[in-house]
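Keep in mind that this is a model prediction, so the values were computed, not measured. Note that ligands are numbered from 1 as they come in the structure, with each ligand's atoms numbered from 1 the same way.
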Amino acid sequence: MKILAIESSCDETAAAIVVDGRRVVANVIASQIAIHAGYFGVVPELASRAHVENINLVIDAALRKARIRFSDIGDKIDAIAYTRGPGLAGSLLVGQVAAQTLSFLCDIPLVDINHLEGHLYAAVLENRAIKPPYLSLIVSGGHTELVVVEDFGRYNFLGGTRDDAAGEAFDKVAKLLHLSYPGGPVIDRLAKEGNPAAVSFPRPYLRGTWDFSFSGLKTAVVNYVKGRTSCDTRDICASFQAAVVETLIVKTVAAAREYGLKQVVIGGGVAANSALRRAFINAGRREGLRVYLPSPALCTDNAAMIAAAAYYKLQKVNVVRNHALTHKIEPGLRLSNW
Ligand code: KG4
Ligand code: ZN
């Protein structure tokens with residue numbers, strides 16, 4: 001089954017073509033980092049405008065890579081998938097309208113995907129060994145969520161972000177330290193030259209819940225920097241990153257133990273963090289867990305993960321043709337069962 005997927009929930013305009021939820025034939029991303037970098041965050045109006053400019057280009061590039069002519073979409077593509085939510089309304093709308101139009105014009109089924117499900121299926125796309133049930137941690141710019149995937153499409157949500165998500169904390173700390181946007185990659189790089197034990201930042205474990213809260217940790221970095229005339233940015237990056245990583249590992253390992261799960265699947269932009277990847281691999285060895293991390297390019301937003309999620313959804317859900325026009329975006333969409 002060949003799926004053409006479109007992702008536009010935030011600041012990446014992306015299109016991909018994936019065969020049988022596994023083989024990535026095309027994975028095209030138009031990044032908007034240069035547009036938003038000066039604001040240290042995504043500006044919704046600028047994001048939706050850039051999506052409008054880029055959406056046809058990324059779809060066209062994906063089709064070219066797959067050697068499919070526009071006029072052959074109806075014959076060569078089995079379904080169109082798009083991100084319905086969560087995300088920025090104006091951004092989501094651009095992807096949804098493009099997907100709906102293609103589905104309607106080419107008379108092929110349209111399937112809506114939750115962006116978080118995309119992150120859940122990024123590792124599945126690359127690893128045939130992953131079989132539910134497993135524990136999943138989604139760590140991105142907008143989410144920090146622990147979910148038990150009981151089966152593909154059947155989720156038990158354990159807990160999530162109460163305030164700043166892990167990626168958001170990286171971005172805000174980078175802004176505070178006058179680094180660049182997005183903050184994750186630059187903090188990751190500088191932390192390699194710093195001492196993670198230099199500053200003892202708090203580990204917000206929120207014991208008794210599976211929720212996460214990183215805004216207090218961010219405030220601890222603010223207060224530390226405020227009281228000093230000079231401090232080593234590399235040490236602050238390493239110490240802050242160590243606090244985030246340890247919090248994520250401790251809670252995830254505890255959840256795996258509590259629910260008796262031996263596979264842990266990570267997803268989302270922060271899963272590209274080198275210290276987090278190393279720490280998860282070590283924790284896996286120590287705890288006897290099989291830890292799966294998507295390759296870094298599939299951690300951050302992309303459409304291949306949306307195609308993978310759509311493939312599994314289409315195995316279970318009957319998508320009725322001609323219903324393309326009833327689809328709607330949902331900026332506050334929560335994870336729900338198929
Ligand atoms: O999944 P994603 O591309 O978009 C959302 O769905 O939010 O995640 C973006 C987030 C940003 O906050 C960015 O700073 C963070 O992922 N990120 C990283 C790294 N690469 C991206 N955080 C830590 N270390 C990284 N190497
Ligand atoms: Zn994402």
- Item | Backbone N/O of G87 and side chain of S9: donor-acceptor pair under 3.5 Å |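 No; zero donor-acceptor contacts below 3.5 Å.
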Would you call [X] and [Y] a salt bridge, using N to O less than 4.0 angstrom?
X	Y	answer
D151	K316	yes
E53	R49	no
E287	R257	yes
R64	D60	yes
D20	R22	no

Minimum-distance protein heavy atom relative to [atom]:
atom	value
atom 11 (C) of ligand 1	D171 OD2, 3.6 Å
atom 7 (O) of ligand 1	G141 N, 2.8 Å
atom 24 (N) of ligand 1	N273 ND2, 3.0 Å
atom 26 (N) of ligand 1	D188 OD2, 3.0 Å
atom 2 (P) of ligand 1	D301 OD1, 3.3 Å

Quick check on contacts: which atoms of ligand 1 are under 4.0 angstrom from a heavy atom of [X]?
X	result
H115	6 (O)
A272	26 (N)
P185	19 (C), 20 (N), 21 (C), 25 (C), 26 (N)
G167	12 (O)

Ignoring angles and geometry beyond distance, decide whether [X] reaches within less than 3.5 Å of ligand 1 through its nitrogen or oxygen atoms.
X	answer
F170	no
G184	yes
G269	yes

- At the Zn ion (ligand 2): angle between D301 atom OD1 and H115 atom NE2, to 10 degrees: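 Between OD1 of D301 and NE2 of H115, at the Zn ion (ligand 2), the angle is about 100°.
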- Message: With a heavy-atom distance limit of 4.0 Å, tell me whether T300 approaches ligand 1 through its side chain, its backbone, both, or neither.
- Response: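 The part of T300 near ligand 1 is both the backbone and the side chain.
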- Message: Below a 4.0 angstrom heavy-atom separation, can you tell me which part of H119, side chain or backbone, both or neither, approaches ligand 1?
- Response: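 Contact part for H119 vs ligand 1: side chain (C-beta onward).
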- Query: Are any of the heavy atoms in G142 under 4.0 Å away from ligand 1?
  - Reply: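 G142 counts as a contact of ligand 1 under the 4.0 Å cut-off.
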- Does E12 come within less than 4.0 Å of ligand 1, judged by its heavy atoms?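 Under 4.0 Å: no for E12.
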- Check: Q100/Y82 side-chain N/O donor and acceptor closer than 3.5 Å: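 Side chains of Q100 and Y82: no pair found under 3.5 Å.
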- Message: Suppose we only count N/O/S atoms under 2.8 Å; would C10 qualify as near the Zn ion (ligand 2)?
- Response: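 So C10 does not bind the Zn ion (ligand 2) by this criterion.
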- Task: Check L276 against V270 and note the closest heavy-atom contact, atom names and distance.
- Result: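 Between these two residues, the closest heavy atoms are CD2-O, 3.6 Å.
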- is_close_aromatic(F152, Y121), centroid dist under 6.0 Å: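 Centroid separation for F152 and Y121: below 6.0 Å.
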- What residue among F201, Y224, F170 forms ring pair (Phe, Tyr, Trp, His ring centres under 6.0 Å) with F240?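 Only one of F201, Y224, F170 forms a ring pair (Phe, Tyr, Trp, His ring centres under 6.0 Å) with F240, namely F170.
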- Query: Do the non-hydrogen side-chain atoms of L158 and E258 ever get within less than 4.5 Å of each other?
  - Reply: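 In short, these two side chains do not touch, never coming nearer than 4.5 Å.
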